[in-house]
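To start, the structure under review is shown below, and the notes come after it.
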Amino acid sequence: MGHDAHETDAAAAVDFKEVQSTERFQQLRKRHRSFVFPMAIAFLLWYFAYVLLADYAVGFMSTKVWGNINIGLILGLLQFVSTFAITGWYVSYSNRKLDPIAAEIRHEIEGHEFDQHGNPVIGTAK
(Lines give C-alpha, C1' and ligand atoms only; values in the text may rest on other atoms or scores of the structure.)
Protein backbone atom coordinates (compact mmCIF):
# COMPACT_ATOMS: atom_id res chain seq x y z
CA MET A 1 0.00 0.00 0.00
CA GLY A 2 1.83 3.01 -1.23
CA HIS A 3 5.51 3.31 -1.73
CA ASP A 4 8.16 2.24 0.72
CA ALA A 5 10.10 5.50 0.69
CA HIS A 6 10.58 6.84 4.19
CA GLU A 7 10.23 10.57 4.49
CA THR A 8 12.43 12.10 7.14
CA ASP A 9 10.55 13.97 9.80
CA ALA A 10 12.45 17.05 10.97
CA ALA A 11 10.99 16.79 14.46
CA ALA A 12 12.14 13.17 14.85
CA ALA A 13 15.80 14.17 14.67
CA VAL A 14 15.55 17.07 17.13
CA ASP A 15 16.61 16.84 20.75
CA PHE A 16 13.99 19.12 22.27
CA LYS A 17 15.63 19.14 25.69
CA GLU A 18 18.74 20.53 24.04
CA VAL A 19 16.68 23.16 22.23
CA GLN A 20 14.97 24.15 25.50
CA SER A 21 18.36 24.68 27.13
CA THR A 22 19.56 27.15 24.48
CA GLU A 23 19.88 30.84 25.29
CA ARG A 24 17.41 31.82 22.53
CA PHE A 25 14.72 29.50 23.87
CA GLN A 26 15.27 30.76 27.42
CA GLN A 27 14.96 34.33 26.16
CA LEU A 28 11.74 33.44 24.34
CA ARG A 29 10.29 31.81 27.44
CA LYS A 30 11.33 34.76 29.65
CA ARG A 31 9.76 37.31 27.29
CA HIS A 32 6.56 35.28 27.05
CA ARG A 33 6.24 34.85 30.79
CA SER A 34 7.13 38.48 31.51
CA PHE A 35 4.03 39.50 29.58
CA VAL A 36 1.56 36.70 30.27
CA PHE A 37 1.91 36.29 34.03
CA PRO A 38 1.62 39.96 35.05
CA MET A 39 -1.22 40.50 32.57
CA ALA A 40 -3.09 37.43 33.82
CA ILE A 41 -2.71 38.57 37.43
CA ALA A 42 -3.85 42.11 36.58
CA PHE A 43 -6.89 40.84 34.70
CA LEU A 44 -7.86 38.41 37.45
CA LEU A 45 -7.59 41.17 40.06
CA TRP A 46 -9.76 43.42 37.89
CA TYR A 47 -12.30 40.61 37.38
CA PHE A 48 -12.48 39.68 41.09
CA ALA A 49 -12.75 43.37 42.03
CA TYR A 50 -15.79 43.60 39.75
CA VAL A 51 -17.36 40.46 41.25
CA LEU A 52 -16.71 41.64 44.82
CA LEU A 53 -18.10 45.09 44.08
CA ALA A 54 -21.21 43.54 42.55
CA ASP A 55 -21.70 41.38 45.63
CA TYR A 56 -20.72 43.73 48.47
CA ALA A 57 -21.11 47.26 47.09
CA VAL A 58 -24.58 47.05 45.59
CA GLY A 59 -25.31 50.69 46.38
CA PHE A 60 -22.19 51.86 44.56
CA MET A 61 -22.72 49.57 41.58
CA SER A 62 -26.36 50.66 41.19
CA THR A 63 -25.44 54.35 41.11
CA LYS A 64 -27.10 55.83 38.02
CA VAL A 65 -24.72 57.50 35.59
CA TRP A 66 -27.01 58.27 32.67
CA GLY A 67 -30.64 57.15 32.33
CA ASN A 68 -30.77 53.44 33.18
CA ILE A 69 -27.01 53.09 32.81
CA ASN A 70 -25.33 52.45 36.16
CA ILE A 71 -21.75 51.93 37.31
CA GLY A 72 -22.18 48.16 37.47
CA LEU A 73 -23.22 47.99 33.82
CA ILE A 74 -20.32 50.20 32.75
CA LEU A 75 -17.79 48.13 34.72
CA GLY A 76 -19.30 44.93 33.31
CA LEU A 77 -18.94 46.18 29.75
CA LEU A 78 -15.39 47.28 30.53
CA GLN A 79 -14.64 43.63 31.34
CA PHE A 80 -15.27 42.83 27.66
CA VAL A 81 -13.34 45.87 26.47
CA SER A 82 -10.35 44.98 28.63
CA THR A 83 -10.39 41.39 27.36
CA PHE A 84 -10.20 42.56 23.74
CA ALA A 85 -7.59 45.19 24.61
CA ILE A 86 -5.36 42.62 26.34
CA THR A 87 -5.73 40.26 23.39
CA GLY A 88 -4.74 42.99 20.94
CA TRP A 89 -1.83 44.03 23.14
CA TYR A 90 -0.61 40.43 23.36
CA VAL A 91 -0.81 39.96 19.58
CA SER A 92 1.19 43.14 19.05
CA TYR A 93 3.73 42.12 21.70
CA SER A 94 4.03 38.65 20.25
CA ASN A 95 4.54 39.94 16.72
CA ARG A 96 7.33 42.28 17.87
CA LYS A 97 9.07 40.34 20.64
CA LEU A 98 8.24 36.63 20.43
CA ASP A 99 7.68 35.67 16.81
CA PRO A 100 11.14 36.71 15.53
CA ILE A 101 12.86 34.56 18.16
CA ALA A 102 10.45 31.67 17.59
CA ALA A 103 11.12 31.86 13.83
CA GLU A 104 14.88 31.71 14.46
CA ILE A 105 14.50 28.65 16.68
CA ARG A 106 12.18 27.03 14.17
CA HIS A 107 14.67 27.72 11.38
CA GLU A 108 17.48 26.14 13.39
CA ILE A 109 15.37 23.06 14.13
CA GLU A 110 13.83 22.50 10.71
CA GLY A 111 16.50 24.05 8.52
CA HIS A 112 14.04 26.02 6.40
CA GLU A 113 13.34 29.67 5.76
CA PHE A 114 9.87 30.94 6.67
CA ASP A 115 8.05 34.10 5.65
CA GLN A 116 6.40 36.49 8.11
CA HIS A 117 3.30 34.27 8.22
CA GLY A 118 5.20 31.09 9.10
CA ASN A 119 4.93 29.54 5.64
CA PRO A 120 8.02 27.80 4.27
CA VAL A 121 9.82 29.68 1.50
CA ILE A 122 10.32 27.23 -1.34
CA GLY A 123 13.85 26.45 -2.43
CA THR A 124 15.65 27.47 0.77
CA ALA A 125 15.86 24.17 2.62
CA LYS A 126 19.32 23.18 3.84
Side-chain angles (χ1 to χ4, degrees):
M1 294 182 234
H3 56 269
D4 293 329
H6 298 321
E7 295 181 20
T8 59
D9 184 13
V14 175
D15 181 0
F16 289 103
K17 292 210 182 268
E18 182 179 324
V19 172
Q20 290 175 355
S21 67
T22 63
E23 183 179 333
R24 296 299 287 161
F25 187 85
Q26 295 300 321
Q27 182 183 23
L28 177 65
R29 182 169 26 198
K30 182 180 178 184
R31 284 186 181 185
H32 178 261
R33 289 179 176 179
S34 71
F35 183 91
V36 171
F37 289 150
M39 194 56 57
I41 291 167
F43 182 79
L44 285 172
L45 289 173
W46 157 234
Y47 173 75
F48 287 125
Y50 173 73
V51 171
L52 291 172
L53 284 171
D55 196 30
Y56 296 109
V58 177
F60 170 72
M61 295 292 271
S62 63
T63 302
K64 301 278 186 188
V65 175
W66 178 60
N68 287 332
I69 307 296
N70 61 25
I71 291 176
L73 181 62
I74 292 170
L75 292 179
L77 291 173
L78 285 174
Q79 291 284 317
F80 290 101
V81 172
S82 64
T83 300
F84 288 112
I86 290 169
T87 301
W89 191 9
Y90 176 75
V91 168
S92 173
Y93 178 82
S94 179
N95 287 338
R96 287 181 292 107
K97 302 284 188 174
L98 303 178
D99 291 350
I101 298 172
E104 288 177 17
I105 294 170
R106 183 175 177 187
H107 173 69
E108 291 171 9
I109 292 173
E110 296 179 354
H112 297 282
E113 293 288 330
F114 295 91
D115 64 14
Q116 63 184 1
H117 304 291
N119 301 317
V121 177
I122 297 173
T124 59
K126 288 184 178 178

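Only heavy atoms go into these numbers, but all of them, side chains included; no hydrogens, no water, no symmetry mates. Just so you know, residue 1 is the first one in the sequence shown, and it goes up from there.
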Side-chain donor-acceptor distances from residues 63-79 under 3.5 Å, at least two apart:
residue: T63; atom: OG1; partner: G59; partner atom: O; Å: 3.1
residue: T63; atom: OG1; partner: F60; partner atom: O; Å: 2.9
residue: N70; atom: OD1; partner: G72; partner atom: N; Å: 3.2
residue: N70; atom: OD1; partner: L73; partner atom: N; Å: 2.8

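- Between the CD1 atom of I101 and the CD atom of Q26 there is a distance of 11.5 Å, given to the nearest 0.5 Å.
- Applying the salt bridge (Lys or Arg N to Asp or Glu O under 4.0 Å) definition to pairs two or more places apart or across chains, none involves residues 29-46.
- The hydrophobic cluster containing F48 also contains V81, counting ILVMFWY residues as joined when their side-chain heavy atoms lie under 4.5 angstrom apart, directly or transitively.
- The distance from the OH atom of Y47 to the CG atom of L52 is 10.0 Å, given to the nearest 0.5 Å.
- Among residues two or more places apart in sequence or in another chain, the side-chain hydrogen bond (donor to acceptor under 3.5 Å, both in side chains) test is passed with S82 by W46.
- Using the six-membered ring where Trp is involved, Y93 and F35 have ring planes that are parallel, under 30° apart on the 30 and 60° scheme.
- Residue pairs meeting the salt bridge (Lys or Arg N to Asp or Glu O under 4.0 Å) criterion with at least one member in residues 90-101: none, sequence neighbours excluded.
- Minimum interatomic distance between M39 and I86 (heavy atoms only, all atoms of both residues): CG-CG2, 3.5 Å.
- A donor-acceptor pair under 3.5 Å is absent between the side-chain atoms of S92 and the main chain of G88, judged by distance alone.
- Taking the side-chain hydrogen bond (donor to acceptor under 3.5 Å, both in side chains) definition, one finds that E104 meets it with R24, sequence neighbours left out.
- In this structure, the separation between CZ on F16 and CD1 on I109 is 5.5 Å, given to the nearest 0.5 Å.
- Hydrophobic clustering, defined by side-chain heavy atoms of Ile, Leu, Val, Met, Phe, Trp and Tyr closer than 4.5 Å, groups L45 together with I41.
- In terms of modelled atom types and a separation under 3.5 Å, the side chain of S94 and the main chain of Y90 share no donor-acceptor contact.
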